[in-house]
2 protein chains.
Amino acid sequence: MAKRPPTIPDSELDVLKVLWERGQATVREALETLKAAGREWSYATVATLLDRLETKGLVESDRKELAFVYRPTISSQEVRQRRVSSLVDKLYEGEPGLLVLHLLKSHPLDPGQASQVREVLDQMTAGKPAKKKG
Amino acid sequence: MAKRPPTIPDSELDVLKVLWERGQATVREALETLKAAGREWSYATVATLLDRLETKGLVESDRKELAFVYRPTISSQEVRQRRVSSLVDKLYEGEPGLLVLHLLKSHPLDPGQASQVREVLDQMTAGKPAKKKG
DNA sequence: CCAATCCTAAGACAACTGTCTCAGAAGGTC
DNA sequence: GACCTTCTGAGACAGTTGTCTTAGGATTGG
C-alpha cells in the first residue's frame, strides 16, 4: 500500500492540536478545550472532524465507558515536517535555506533565540569538512 | 474596506508562479510553461485558474490582440509572507524562531548558506546590545 | 466567403471542507 | 418504567478546489 499523505485541513488541524496537547480526548473534552481557545463549534462539528481524522488514519479511538476516546497516531513533529516541506517545495524552490533567510529578515528574532540559532549553526558546521564537490 | 486575504489553492499557485517567472502570460503561454514543468492541464483548466485568480484580485488582465494577457498584482514575496505567517501561527505558536530552529535541525544548510545566515544574525543583533553572557 | 483555428464565456461535476440537524441507542434518576 | 442526558450514526448542504466539455465569437488563409 502506497504512502498517501492525507491532507489535513485547518479545522481538522485545530482538533488534532487539542489531542496533542491533552494526549487524548473525547468529543466533549475536545469541544470544551476548543471553546476555551475561542473556537466555538457544535458538538456535531467536532465529532465530524474527529471522524474524518480517524478515516484518514490520523487518530484512533476506542470506547471508554459510554464515549469514544480519541488519540492521535501522528505526531505534531510529523505534521510540521510535512507542512514545512510542502511550503519549501512550493515557494522556496525546495531550498530550506531560503526560507530560513526569509524568516530572519522579515521576523527579527530576539537575542535569546538568535544565540540559539548560532549554536545550532556552529554545531552544524563543526564536524563538517564542508568539502562539496561531485 | 476590509482586508480580505483570499486563499490561494495549490493549483492557482502553480499558475501564479508562472506569471511571476514570466512577468505576464496569456492562457496559452501559461499552459505551455506549465506543460514544460510537468503540469499537463487542459487549456480550459488554465483559463479557469487564471479567471479565479482574477476574481480574487490577484492578477489582472487586458486584451492584447485577440487574447487576454494576465499579469500578477500580488508579489511572490507577499504570498510567501502570508504562507509563512499562517504556518507559524498554526504550528509554531506564532514564534518564527521555533520554525527557524526546526528548519536548521531537520534540514542542514550547506556552508555557504550557513554563513549567510550568520551574517543576517549579526546584522540583526548589531544595533542591539544583545548581552547574553558571553 | 468558408473552413480551420484559437479564444472567451458559461457551466458541469466530483471531491473536499466547514458546519450543522436529527433520529435513536445507552445509561442514569426517582 | 418513564424521563432526561449524552452519545453515536447518518447525512444534509453550501462553498471551495481540481479539471474538463461545449457553444459560439473572432482571426486567418485561401
Side-chain angles (χ1 to χ4, degrees), chain A residues 4-19 24-35 37-71 79 82-83 86-87 89-91, chain B residues 4-19 24-35 37-71 79 82-83 86 89-90:
Chain A
R4 34 65 227 238
T7 89
I8 307 177
D10 285 357
S11 54
E12 286 172 29
L13 185 55
D14 280 341
V15 345
L16 199 44
K17 285 202 280 189
V18 169
L19 299 187
Q24 60 171 49
T26 60
V27 173
R28 185 149 303 274
E29 290 165 346
L31 176 67
E32 295 306 334
T33 301
L34 286 162
K35 172 171 302 181
R39 224 89 177 53
E40 304 226 351
W41 274 320
S42 82
Y43 186 100
T45 299
V46 178
T48 297
L49 261 11
L50 280 166
D51 202 58
R52 288 179 182 168
L53 282 167
E54 185 163 29
T55 299
K56 293 178 183 174
L58 301 176
V59 313
E60 55 183 21
S61 66
D62 63 288
R63 200 151 211 157
K64 186 80 179 185
E65 328 259 296
L66 81 164
F68 279 102
V69 175
Y70 296 83
R71 176 162 9 64
V79 172
R82 289 185 191 177
R83 291 273 176 132
S86 146
L87 177 66
D89 286 348
K90 287 200 280 248
L91 290 173
Chain B
R4 34 64 220 239
T7 89
I8 307 177
D10 286 356
S11 55
E12 286 172 27
L13 185 56
D14 280 340
V15 347
L16 199 46
K17 285 202 280 189
V18 169
L19 298 188
Q24 61 171 47
T26 60
V27 173
R28 185 150 304 273
E29 290 164 346
L31 176 67
E32 295 305 334
T33 302
L34 286 161
K35 173 172 301 178
R39 224 87 176 55
E40 304 226 352
W41 273 322
S42 80
Y43 187 100
T45 298
V46 177
T48 296
L49 261 11
L50 279 166
D51 202 57
R52 289 181 183 168
L53 281 167
E54 185 162 29
T55 298
K56 293 178 183 174
L58 301 176
V59 313
E60 54 184 21
S61 67
D62 62 287
R63 201 150 210 155
K64 185 81 177 186
E65 328 258 296
L66 82 164
F68 279 102
V69 175
Y70 295 84
R71 181 165 3 67
V79 172
R82 290 186 190 176
R83 291 272 176 134
S86 145
D89 286 347
K90 287 200 282 244

Whole Å only: how far is the [atom1] atom of [X] from the [atom2] atom of [N]?
X       : N      : atom1 : atom2 : result
A:Lys64 : D:dC7  : NZ    : P     : 16 Å
B:Asp10 : D:dT16 : CG    : C1'   : 13 Å
A:Glu54 : D:dC7  : CD    : C1'   : 15 Å
B:Leu66 : C:dC7  : CG    : P     : 6 Å
A:Ile8  : C:dT17 : CD1   : C1'   : 14 Å
B:Tyr43 : C:dT5  : OH    : P     : 16 Å
B:Glu12 : D:dG15 : CD    : P     : 17 Å
A:Leu50 : D:dC7  : CG    : P     : 13 Å

Could you go through A:Asp62 and A:Arg71, starting from their C-alpha distance and side-chain angles, then the distance that decides it, and tell me whether this counts as side chain to side chain contact (heavy atoms under 4.5 Å, CB included)? CA-CA 9 Å; A:Asp62 63 288; A:Arg71 176 162 9 64; 2.5 Å; yes

Please determine, for the side chain of A:Arg52, which listed nucleotide (C:dT8, D:dC20, C:dT17) has the closest atom?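 Closest of the options to the side chain of A:Arg52: C:dT17.
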
The nucleotide from C:dC7, C:dC20, D:dC20 with an atom nearest the side chain of B:Ala67 is C:dC7

Answer yes or no: side-chain N or O of A:Arg63 and base N or O of D:dT6 forming a donor-acceptor pair under 3.5 Å. no

When you measure from the side-chain N and O atoms of B:Thr45 to the phosphate of D:dG18, is any distance below 4.0 Å, counting only OP1 and OP2? no

Can you work out whether A:Thr7 or A:Glu65 has the more 5'-proximal nearest nucleotide on DNA chain C?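 Result: A:Thr7.
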
Under the 3.5 angstrom rule, does the side chain of B:Thr45 hit a backbone N or O of B:Trp41 as a donor-acceptor pair?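 Between the backbone of B:Trp41 and the side chain of B:Thr45 there is no qualifying donor-acceptor contact (under 3.5 Å).
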
Base, sugar-phosphate or nothing for [X]? Non-hydrogen atoms, less than 4.0 Å.
X       : value
A:Ala44 : base
A:Arg28 : sugar-phosphate
A:Ser11 : sugar-phosphate
B:Thr48 : base

The single option from A:Leu13, A:Val27, A:Val15 passing side chain to side chain contact (heavy atoms under 4.5 Å, CB included) against A:Leu49: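 Of the listed options, the one satisfying the test is A:Val15.
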
Any salt bridge between A:Asp14 and B:Lys90, counting N to O under 4.0 Å? no

Nearest atoms (heavy-atom pairs only) where A:Thr26 meets A:Ala67: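 For A:Thr26 versus A:Ala67, the nearest heavy atoms are CG2-CB, 4.4 Å.
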
